[in-house]
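All ligand and atom numbering here is 1-based and tracks the order in the structure.
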Amino acid sequence: MSFTSLKLIEPVMKALADEGYTIPTPIQKQAIPYVLAGRDLQGCAQTGTGKTAAFAIPVIQLLHQQRKPKSGIKALVLTPTRELAIQIEESFSTYGKYTNIRHTIVYGGVSQLPQTRALRKGVDVLVATPGRLLDLIGQGFIRLNELEIFVLDEADRMLDMGFINDIRKVIRLLPPNRQTLFFSATMPGEIEKLAGVLLKDPVKVEVTPPTSTVDKIRQSIYHTTKADKPKMLLHLLREQKISTALVFTRTKHGADKVVKFLHRAEIKAAAIHGNKSQNARQNALNDFKTGRLKVLVATDIAARGIDIDELSHVFNYDLPNVPETYIHRIGRTGRAGLNGTAIAFCDVDERKELRDIEKLIMNKIPVVEKHPFPGNPVVIEKKAARPRHHRYRQHLN
Ligand code: AMP
């Protein structure tokens, strides 16, 4: 199935052709026709599935096709983090470049002046994080009374980050006659309840990242010690001539320590995490995308939603406590059909985490036994992990 059968307008088709997109992803295939038909949508999908385009494309098309003169904000996309907000706005620029849709973005942690200036010029689509949105509404810079489409992105993450009350406040300000698109990677009880309040007779769409993504990734594990992890990383970066690597640490402090170590070895690296200013995070991300930085060290929350094309290596410098996080992390590489490499370090205190991950993916991650930093020789379990459940496999099918 190609984009042609989705009945998209010429300006959108042209923009997609510029991007080299020919085939819609499963969520795009399932969601776009219903959104174009004006239906509410409950989408269970995470980053990497093409969900941004699944809502941005039809929103652009619906607004472009409106003949009536535009005045107020017609569509609002609410998303939890500044990084996600920036990426979503970029998507509206990309897919809407041959339309006259005006869009802008508001998020906290930076001066509001450029944002209020942009708002004054008139906006059709506003992408926002909750705190700054409410702030600017309070100051009278934003009114939502003409809103026609509301998109709530990453609802579960909003809940995790403590935004639920802010969301409730925003919801109270929305006109009741509107179309609502609701996206969440998971649907715990409280999120279902929120969806129930927000959506009218929604179409439900559920997708998970394709198996091929994970299958295409070359995974390996290096048993080492906590103290040797920095040297291990440096050794692999040099030995394997790695050009770009995203390195995940468990803590912000850990991320900073890795960056300091790499700097001492004259490797260009930067950290992104919650303690960094918005500008520092954005600069680091841009430098990484343009190749000025070789290594980006991130914590999970900061990295969520970060989308880097052609990322060759992901390091699990520390193993995550939640096994699903491992899949999210390694899914950053091997995108768009490219081969990726995921390398994990495991110290003696992380064996349980490793066992949990292997149970979840129902596979043993190959162990690289010959390397310079094995620490105390470890007893490597030879027996294959026996899957306790089939949750992951079911997700993939
Ligand atoms: P998302 O899940 O929205 O973060 O999108 C993941 C990545 O897939 C982004 O880099 C998009 O640019 C890319 N993408 C989205 N839709 C398509 C498509 N139909 N064909 C190829 N790439 C796509």
* Answer with side chain, backbone, both or neither: which part of Gln28 has a heavy atom less than 4.0 angstrom from an atom of ligand 1? => side chain
* Report, in ascending order of atom number, the atoms of ligand 1 lying under 4.0 Å from any heavy atom of Thr49. => 2 (O)
* Modelled atom types, side-chain donor and acceptor of Tyr326 and Gln219, under 3.5 Å -> yes
* To do: List every atom of ligand 1 that sits less than 4.0 Å from any heavy atom of Phe3, numbering the atoms from 1 in the order shown and giving each element.
  => 19 (N)
* **Donor-acceptor pair between Thr94 and Glu19 side chains, under 3.5 angstrom** => no
* When you measure from atom 12 (O) of ligand 1 to each heavy atom in Phe183, Tyr21, Phe55, which option holds the nearest one? -> Tyr21
* Under 4.0 Å from any heavy atom of Thr52, which atoms of ligand 1 are there? -> 1 (P), 3 (O), 4 (O)
* Among side-chain atoms of Ser220 and Arg218, is any donor-acceptor pair under 3.5 angstrom? -> no
* Asked: Any idea which atoms of ligand 1 are less than 4.0 Å away from a heavy-atom of Ile23?
  -> 18 (C), 19 (N), 20 (N)
* NZ of Lys294: more than 12 outside heavy atoms within 6.0 angstrom? -> yes
* To do: May I ask you to list the residues sharing a hydrophobic cluster with Val197, side-chain cutoff 4.5 Å, ordered by chain and number?
  => none
* **Any residue meeting salt bridge (Lys or Arg N to Asp or Glu O under 4.0 Å) with Asp349, in chain and number order, not counting sequence neighbours** => none
* Based purely on interatomic distance, does Gly50 place a nitrogen or oxygen under 3.5 Å from a nitrogen or oxygen of ligand 1? -> yes
